[in-house]
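Take a look at the structure below.
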Amino acid sequence: MTEHDNVQPDIIEGQEPETGFQPGTGLVIPNQRLPDRLYLLPVHNRPFFPAQVMPVVVNETPWAETIDRVSNTPHHALSLFYVDAPLGESGPLDSEDLPQTGCAVKIHHAVKEDGKIQFIAQGLTRVRITQWLSRKPPYLVEVEYPEPPADERDEVRAYAMALINAIKELLPLNPLYSEELKNYLNRFSPNQPSPLSDFAAALTSAKPGELQDVLDTVPILRRMEKVLVLLKKEIDVARLQGEISAEVNRTISEHQRKFFLKEQLKIIQRELGLSKDDRTADVEQFRERLEGKTLPDTVRTKIDEELAKLSVLETGSPEYGVTRNYLDWATAMPWGVTHEDKLDIQHARKVLDRDHSGLEDVKARILEFLAVGAYRGSVAGSIVLLVGPPGVGKTSIGHSIAESLGRPFYRFSVGGMRDEAEIKGHRRTYIGAMPGKFVQALKDVKVMNPVIMLDEIDKLGSSHQGDPASALLETLDPEQNGEFLDHYLDLRLDLSKVLFVCTANTLDSIPGPLLDRMDVIRLSGYIAEEKLAIAKQHLWPRQLERAGVRKGQLRISDKAMRQVIEGYAREAGVRNLEKQLAKVVRKSVVTLLEQPDAKISIKPEDLKGLLGTPAFRVEKTLKGVGVITGLAWTSMGGATLPVEATRIHTLNRGFKLTGKLGDVMKESAEIAYSYLCANLERYKADKTFFDEAFVHLHVPEGATPKDGPSAGVTITSALLSLARNEAPRPGLAMTGEITLTGQVLPVGGIREKVIAARRQSIFELILPEANRGDFEELPEYLTEGMTIHFASHYKDVAKRLFA
Ligand SMILES: Nc1ncnc2c1ncn2[C@@H]1O[C@H](COP(=O)(O)OP(=O)(O)OP(=O)(O)O)[C@@H](O)[C@H]1O
């Protein structure tokens with residue numbers, strides 16, 4: 001191509017142009033070099049400009065001949081006229097059909113292929129028809145080449161500059177305009193306004209009519225005005241296009257971002273097994289849970305209804321949550337799933353013996369109970385009640401029962417339960433409604449026949465929110481619990497296969513109807529010997545294991561263990577003993593950390609350093625005139641209960657009681673007083689003693705509330721000792737209720753009382769005759785060495801009272 005802008009191509013010699021906008025193309029060609037006659041070709045899309053070099057495609061028929069003839073001319077020139085429809089293919093063509101101005105081009109590389117002819121047209125200059133020579137293809141016309149006169153006015157230059165700037169503005173807006181074009185433009189001189197304006201017009205995407213108008217306009221200034229308008233429009237359109245495409249890009253990238261995030265989420269959910277939408281996942285989960293379960297028809301219908309409801313509710317709505325929650329519970333019930341009982345008595349014995357020292361009578365009762373179950377084929381429909389002081393192993397026996405049957409175990413406390421809803425659930429209409437404890441238990445254990453332990457059944461509360469005791473009765477009663485109705489589920493559950501084991505500290509406060517339906521098994525607290533065995537076989541090894549200490553590293557002598565029992569853990573159960581042993585182990589571990597190879601052996605003298613001063617000393621039994629040791633029984637186990645009576649000489653006649661006594665105990669003191677007043681002579685005392693004496697009776701320890709009738713005999717004896725001014729024999733303790741006529745009535749807790757006496761090293765007891773059976777039932781290790789006097793009337797007591 002040309003080296004300089006102002007060098008013009010010699011078309012006669014036919015240089016080889018390249019397509020597109022080329023530097024140096026479309027320059028003004030001297031008129032005399034172009035022929036007067038030209039073949040004519042109509043073009044359709046848009047007018048061809050002198051500044052363009054472009055491929056042109058036409059049909060072989062009828063234009064092959066035209067192209068052939070042009071190719072045979074020395075100058076290869078042709079005129080292109082714009083027509084807006086494919087006119088003149090077959091001719092004739094009229095002047096009317098054609099615009100005023102066309103473009104003379106030189107053709108290069110004409111190629112025929114598939115019925116088409118393609119050639120490259122290099123625009124040369126404007127052309128106008130002066131005369132038609134052939135009005136049928138190949139059209140031939142005589143032409144002139146209109147050229148604007150040279151115009152050197154400043155205005156023209158200014159327009160030229162404006163055009164160049166407008167083009168430069170347009171370039172960056174359209175990526176189709178190439179880098180070459182920019183270079184071309186840089187070299188464009190404002191001194192050539194005509195090609196510049198044609199070039200600019202050709203750049204635009206203006207309508208063919210507007211472009212033809214530019215082509216028709218020969219005068220340079222007017223032409224440039226028109227082109228400038230087109231360019232400005234083009235810039236606006238390009239800008240708008242840019243904005244649209246930026247907007248589109250943004251939307252697309254936003255879409256893409258969301259798409260990517262969603263895809264990622266899907267992958268994460270798939271990894272976590274959550275790949276379904278919430279509702280489907282919920283429904284599927286619920287259906288899955290029901291597989292393999294045998295649902296009663298009513299339950300099946302109800303659950304299906306709720307599932308149908310779930311599928312139409314909005315997932316975010318509160319109702320959806322409520323329904324989902326309901327289904328979560330309802331489908332989690334182990335409908336029809338039961339655990340096959342082992343009912344192997346040998347196995348049960350092994351489990352019980354492994355976990356418990358002593359408690360022979362308790363174990364025997366439990367084995368009997370299981371044997372009956374084995375004989376019958378099931379232990380269903382039974383309620384076992386384990387009653388005894390804290391820490392005597394009730395819970396642990398319950399565990400062993402479950403284990404020996406191979407059933408799952410679930411435990412909860414009903415102590416302090418005031419609201420019936422805790423047992424039977426809230427109705428679903430309440431916000432935050434929950435099913436009751438039994439439904440929760442079944443969900444947990446996943447079978448319909450677990451062992452459920454109800455702790456502290458003697459401490460059931462009651463309030464305006466319904467009576468939990470009657471709800472519990474309904475639940476435990478084998479007659480009723482086959483159709484247990486939980487308010488929340490509103491479905492009937494069969495609890496008849498559950499084995500209920502209840503625990504209580506006393507029987508007194510258990511509602512009668514409930515107690516009636518229970519098999520009561522008593523655990524009465526341990527004497528020191530039993531505690532020693534339990535501590536050595538269970539508690540101590542367990543604490544060592546928990547602390548990760550080997551057996552050989554830390555030992556405790558029997559003597560020291562006994563000392564712990566006597567001095568630090570004297571209550572009926574062994575929970576506190578276990579705590580004390582844990583403390584010993586903990587403190588020793590500190591030493592073991594410092595000296596890993598040490599072998600520690602705990603002796604009685606070490607205990608003070610490990611556990612502090614003993615909480616209990618060997619109590620001195622109170623002695624003297626008017627002081628008698630009674631025996632009491634509390635929910636914490638048995639205890640000795642001294643009663644003191646004294647005479648106040650400054651006062652005349654009267655009777656005063658202290659020691660936080662309950663009503664029954666106060667009455668029993670008044671009975672004792674009245675009985676003795678009436679019978680002093682019979683018991684060899686001054687019959688006027690109470691006429692002149694003011695008597696004060698006290699039961700230590702003053703801060704502990706006491707009640708019950710069983711101290712009647714003891715109080716009578718204290719008063720008698722005072723009246724006779726004679727101390728009772730030492731080492732004697734007693735229990736029994738007294739009547740106004742001196743009858744001695746039976747009392748409860750004989751076993752606990754005997755244990756308490758032994759703990760105090762008292763080996764001679766006066767017990768009501770009616771309790772003889774209870775005593776004789778006691779195991780030998782408790783009765784051994786004991787002297788017991790049975791009394792049916794107070795005279796039997798008085799007989800033994802003094803030396
Ligand atoms: N005869 C025993 N043999 C072995 N360990 C025992 C025995 N009695 C109690 N224990 C242990 O004593 C601890 C307390 O027993 P458990 O919790 O069963 O008492 P509890 O009677 O249920 O008390 P509470 O009424 O306070 O719940 C447990 O670690 C238990 O294993």
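Indexing begins at 1, ligand by ligand and atom by atom, following the structure's order.
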Do any nitrogen or oxygen atoms of [X] lie less than 3.5 angstrom from nitrogen or oxygen atoms of ligand 1?
X	answer
Lys394	yes
Gly393	yes
Leu359	no
Leu539	no

Out of His538, Arg542, Lys579, indicate the one that has the non-hydrogen atom closest to atom 29 (O) of ligand 1.
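It is Arg542 whose heavy atom sits nearest to atom 29 (O) of ligand 1.
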Measure centre to centre between the rings of Phe412 and Phe438, then say whether the value is under 6.0 Å.
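Phe412 vs Phe438: aromatic centres under 6.0 Å.
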For [atom], closest protein heavy-atom neighbour:
atom	result
atom 7 (C) of ligand 1	Tyr526 OH, 3.6 Å
atom 5 (N) of ligand 1	Ile534 CG2, 3.6 Å
atom 12 (O) of ligand 1	Val574 CG2, 3.2 Å
atom 24 (P) of ligand 1	Arg575 NH2, 3.5 Å
atom 3 (N) of ligand 1	Ser357 N, 3.0 Å

Do you know which two heavy atoms are closest between [X] and [Y], and how far apart they sit?
X	Y	answer
Val699	Pro642	CG1-O, 3.6 Å
Arg407	Val498	NH1-C, 4.1 Å
Lys424	Asp486	O-OD2, 3.2 Å
Trp335	Ala330	NE1-O, 2.9 Å

Salt bridge (Lys or Arg N to Asp or Glu O under 4.0 Å) involving Glu578 - partner list, sequence neighbours excluded
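So Glu578 forms a salt bridge (Lys or Arg N to Asp or Glu O under 4.0 Å) with Arg542.
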Do the charged groups of Lys551 and Glu545 touch, with an N to O distance under 4.0 Å?
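Result for this pair is no, no salt bridge flagged.
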Quick test of your reading of the model: are Asp774 and Lys753 salt-bridged, counting only N-O distances below 4.0 Å?
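So Asp774 does not pair with Lys753 through a salt bridge.
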Given that the side chain starts at C-beta and the backbone is N, CA, C, O, which of these parts of [X] lies under 4.0 Å from ligand 1, counting heavy atoms, or is it both or neither?
X	answer
Asp355	backbone
Glu530	neither
Thr395	both

Close-contact set for ligand 1 against [X] heavy atoms, below 4.0 Å:
X	value
Pro390	23 (O), 25 (O), 26 (O)
Ser396	18 (O), 31 (O)
Glu578	13 (C), 28 (C), 29 (O)

Listing request: all salt bridge (charged side-chain N to carboxylate O under 4.0 Å, His left out) pairs with a residue in residues 592-614, at least two apart in sequence or in separate chains.
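Residue pairs with at least one partner in residues 592-614: there are none.
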Taking side-chain contact (heavy atoms from CB on, under 4.5 Å) as the criterion, tell me which of Leu507, Leu514, Asp519 meets it with Leu385.
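Answer to the side-chain contact (heavy atoms from CB on, under 4.5 Å) test with Leu385 among Leu507, Leu514, Asp519: Leu507.
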